[in-house]
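To keep things clear, I will list the structure first and then write my remarks on it.
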Amino acid sequence: MNQNNSIPDISGDDYLKVLVCSANVGNAEPTPTSFSAWVPYDGEINGSLTNTPYPVGQDEINVSVGPYAAAAAAINCNDNSQEGIVQSLATTNEKQKFDIIVLGMQEAAFVNKQKKDKELLDTSIDSISNNVGLDDTTTSSNNNNNNNIASSPPKSKGFKNPLKKGAKKAAKAGMVMRGISANQTYKRDTASMRNITGALTVDVLGYDNNKLNNLIKTTLPSYEMVTSSLRGEMRLFVLAHSTLAEEISEVYVGAENTGIGSIMANKGGIIVTFVLRDMTRFSFMTCHLEAHEGMTHYTNRNKNLAEILGGAKTDPVYNMQDATITSHHMFLCGDLNYRIKFSEYEAKKKRSSRAKKALKMSFKGPAGLKMSINKGNSGLMKKSVSMESEQDEEEAVEEVVANKDAMGGEGDSPTKMGGGDEEEAAGGEKKDEPANGSHFEQAKALVEAEDWKALNGGDELAVALKQKECLVGFSTLPCHWPPTFKVARGEGYQYNEKRTPSYTDRILWKSAEGMANNVIPFLYEPCPDFITSDHKPIRGGFAVKLNKCRPPHNQNLSDSVITQDGKDHPVEQQIQILVSDMKCTNLPIMDNELIGGLSDPYVKFVSSPKELLYSKAWPSSSIITKSLNPVWNENYHLTIDGKGMQNGLAEGAMFMLTVVDYDATSGDDVIGTVALNLNELVSELDLSGAGSSDEVQETHISKPILRNGQEYGMLECKLKTAFLAPKEVKSFLSGAKHVKTATKTSWKSKMQAFTGLAIS
């Protein structure tokens, strides 16, 4: 540790203490004991920190590049190790609690169980289908109406109730369908209620919702629900300590499904955005991405993230930008399904992928078709496989391919399942198998050796972040613990041999430009005592430094000043921005090939807060037609409205350059945004009104254009800023050529740019 650095006091109002919890619930009702092993009682911090076997410290994050770099920088900028945070909290007399608690859940849909045998209730298909999109079952522990419960015949050996199987499938379908027609979202109304969970009834929510809400209320009695959102099997709860709830405003919720056909809500995500104390904008996202191993599924997971960020817009003021751009701090959690893979395993995976594709083609047929699959002539019996669902098909394919690999089969054709060597089928070693065993055994050996570095080295998510294939700008901590997937439901870590142990459950975060060191991670751990799921939940604790205003040297911009003549004069200075030498490179093709297959880009200048630049529309540049590498020869002059700086310039003020593709026949398409910290652009200026008109700050910008967590080319420009009175602006602009005052791009200028004709 660096003994020269001071320990930040996170117990005061300058820091927000955030707990992010993520759990794939496994479509099973959590026991109170399991839930309390995941969510600390009443949000207490000290117990979680002092009892964790996986402390976050500087020695564990000694990196300068890649997805862990921002975390390392935040920890190293002060003595921000977990030990330092504990020491900071110990100096206070009161027990420290988290200010904000976020609970992200996946596969969080379940129905009631009978008290005696713990089997699912036989709920009639009719009662479920009548409540698709609203209620998975009308049964609850407080509801004794049995009209909707199918009676169970006397049990006998070998008897299977056909109604029960159908009811289970219908219940599952109803749960996945919730959120397709309407997203179930409940927001705290500061004017009418104190706690939203108190207003939710069993009849409206269903059994699983009611159970989870009761667990939350019991576990976190000092917290109020800011918002809770349900989308199929996904849930997102955001709670604030009762002392903080009144300071939260502008709560928005968005969601996007990425399941089958981008309609089913078994996969997808939910995003919640709010503003704290009118200064700091937070966003929290939970998601459940595509499952399974292999390059195709890896690529689809990256696509899923972009789809969620693009579809789940949360702020109507900034509908051109996603939450990763407009938020000061964004946290993402969920079952991301990224797996651990080793280089020795890639050749085998490619063969398996080809075999799966061929097998799937042979499985096509009517729903419910039963097919016999010959697994070979090595003594294994033929098996009848029922194709009742896509999941059944996938599992059948994987099982056949697994047996094929075990027998050393090399061909892609499903008719060549035989021919495997009997010794290999009986357990002999394959020629192309790694020396230390199968892929599962390789991962298991590393777990037993607690070689977390090697396991993290094969982490797909870390690779994706480093290669900027998803979530550009996000950071995470390395997982220095056993993989959380896929485990037996029970205590500890007993892994399923059909799946590679992997870090599928994760927490990431991203901060706006210039604010990366404002997030200090001090807790990151799994919860092995959560016993009701095939995943082990995780949780992360963060201290976030809140934004404040940068006062103009104790003189508000809206006030007046006394000059030497003794007269009272209003402060007239405003921030002036001159954008020059602007160009973009490697923009994506946005237009149809029939009209050129290029792009027609222009730039919108956007601010946060909105009132700094917005006047009926955002100011924008001219349009450069048919170019993927546009260059603007004009210089653009912008004035920051002083009315938006009445209390000084907020630390979170942002200046954004959003690149847009003009489309003459439909709405314009957003290519992406470069978001800048406005305070950094004026950090060298005296905003007191007493500075010299000669003070000019110059900043050179060269940054990737971002949209939905992915890069879409680069933007370069030069920015000159000054704090001037109106009479001084002319001198500021005198050295620049082709200066234009950036205004709204009119339809006439758009058509003129598109057609090349002058339009009167």
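Only this structure's heavy atoms are used, side chains among them; waters, hydrogens and symmetry mates stay out.
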Can you name the closest pair of heavy atoms from [X] and [Y] and give their distance?
X: L628; Y: P588; answer: CD2-O, 3.6 Å
X: K313; Y: L309; answer: CE-O, 4.0 Å
X: R707; Y: G672; answer: CB-CA, 3.9 Å
X: Q106; Y: S22; answer: NE2-OG, 3.6 Å
X: I100; Y: A240; answer: CD1-CB, 3.7 Å
X: M656; Y: T673; answer: CB-CG2, 3.8 Å

Should the heavy atoms of other residues, nucleotides or ligands under 6.0 Å from [atom1] of [X] be counted, would the total exceed 12?
X: K718; atom1: NZ; result: yes
X: K720; atom1: NZ; result: no
X: H700; atom1: NE2; result: yes

Tell me, please, which residues at least two apart from A653 pass side chain to side chain contact (heavy atoms under 4.5 Å, CB included).
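Side chain to side chain contact (heavy atoms under 4.5 Å, CB included) check on A653 returns P609, L612, L649, L678, N679.
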Residues in side chain to side chain contact (heavy atoms under 4.5 Å, CB included) contact with S327, at least two apart in sequence or another chain
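Only S283, A323, M330 meet the side chain to side chain contact (heavy atoms under 4.5 Å, CB included) criterion with S327.
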Can you find a pair of side-chain heavy atoms, one from [X] and one from [Y], that are under 4.5 Å apart?
X: N633; Y: H738; answer: no
X: T721; Y: T699; answer: no
X: M234; Y: C287; answer: no
X: W618; Y: L613; answer: yes
X: T504; Y: R339; answer: yes
X: R231; Y: H288; answer: no
X: N677; Y: M515; answer: yes
X: I705; Y: E711; answer: no

Does a donor on one side chain and an acceptor on the other come within less than 3.5 Å for E250 and T273?
no
Exercise: do E290 and T258 side chains pair donor with acceptor under 3.5 Å
no
Spell out, as yes or no, whether a donor-acceptor pair under 3.5 Å connects the side chain of [X] to the backbone of [Y].
X: N302; Y: C470; result: no
X: N257; Y: G259; result: no
X: D661; Y: D600; result: yes
X: S229; Y: L236; result: no
X: T741; Y: H637; result: no
X: Q697; Y: E684; result: yes
X: D668; Y: D663; result: yes

Kindly indicate, with the supporting measurements, whether the criterion side chain to side chain contact (heavy atoms under 4.5 Å, CB included) is fulfilled by N337 and N304.
CA-CA 11 Å; N337 262 318; N304 286 165; over 6 Å; no
Among V226, V102, T227, which residue satisfies the side-chain contact (heavy atoms from CB on, under 4.5 Å) criterion with V272?
T227
Apply the ring-ring contact (aromatic ring centres under 6.0 Å, His included) test between H329 and each candidate in F282, F284, Y15, W509; give the one that qualifies.
F282
Applying side-chain hydrogen bond (donor to acceptor under 3.5 Å, both in side chains) to S621 and E634, what does each step give before you reach the verdict?
CA-CA 9 Å; S621 73; E634 304 93 351; over 6 Å; no
Take Y318 and V606, measure what side chain to side chain contact (heavy atoms under 4.5 Å, CB included) needs, and give me the verdict at the end.
CA-CA 9 Å; Y318 300 101; V606 181; 3.8 Å; yes
Working note: L733 + L578, criterion side chain to side chain contact (heavy atoms under 4.5 Å, CB included); need CA distance, chi angles, decisive distance, verdict.
CA-CA 8 Å; L733 301 176; L578 182 64; 3.9 Å; yes
Under 4.0 Å between a Lys/Arg side-chain N and an Asp/Glu carboxylate O for [X] and [Y]?
X: K548; Y: D14; value: yes
X: E247; Y: R277; value: yes
X: R506; Y: D459; value: yes

To the closest 0.5 Å, what do you measure between [atom1] ([X]) and [atom2] ([Y])?
X: R301; Y: T299; atom1: CZ; atom2: OG1; answer: 9.0 Å
X: Y712; Y: M590; atom1: OH; atom2: CE; answer: 8.5 Å
X: L305; Y: L471; atom1: CG; atom2: CG; answer: 4.5 Å
X: L676; Y: I701; atom1: CG; atom2: CD1; answer: 4.5 Å
X: I671; Y: C584; atom1: CD1; atom2: SG; answer: 7.5 Å
X: Y614; Y: K604; atom1: OH; atom2: NZ; answer: 8.5 Å

Evaluate side chain to side chain contact (heavy atoms under 4.5 Å, CB included) for Y338 paired with L289, printing each intermediate quantity in order.
CA-CA 9 Å; Y338 286 98; L289 308 183; 4.0 Å; yes
Which of N708, T326, D315, T658 passes side chain to side chain donor-acceptor pair (under 3.5 Å) with Q321? Answer is T658
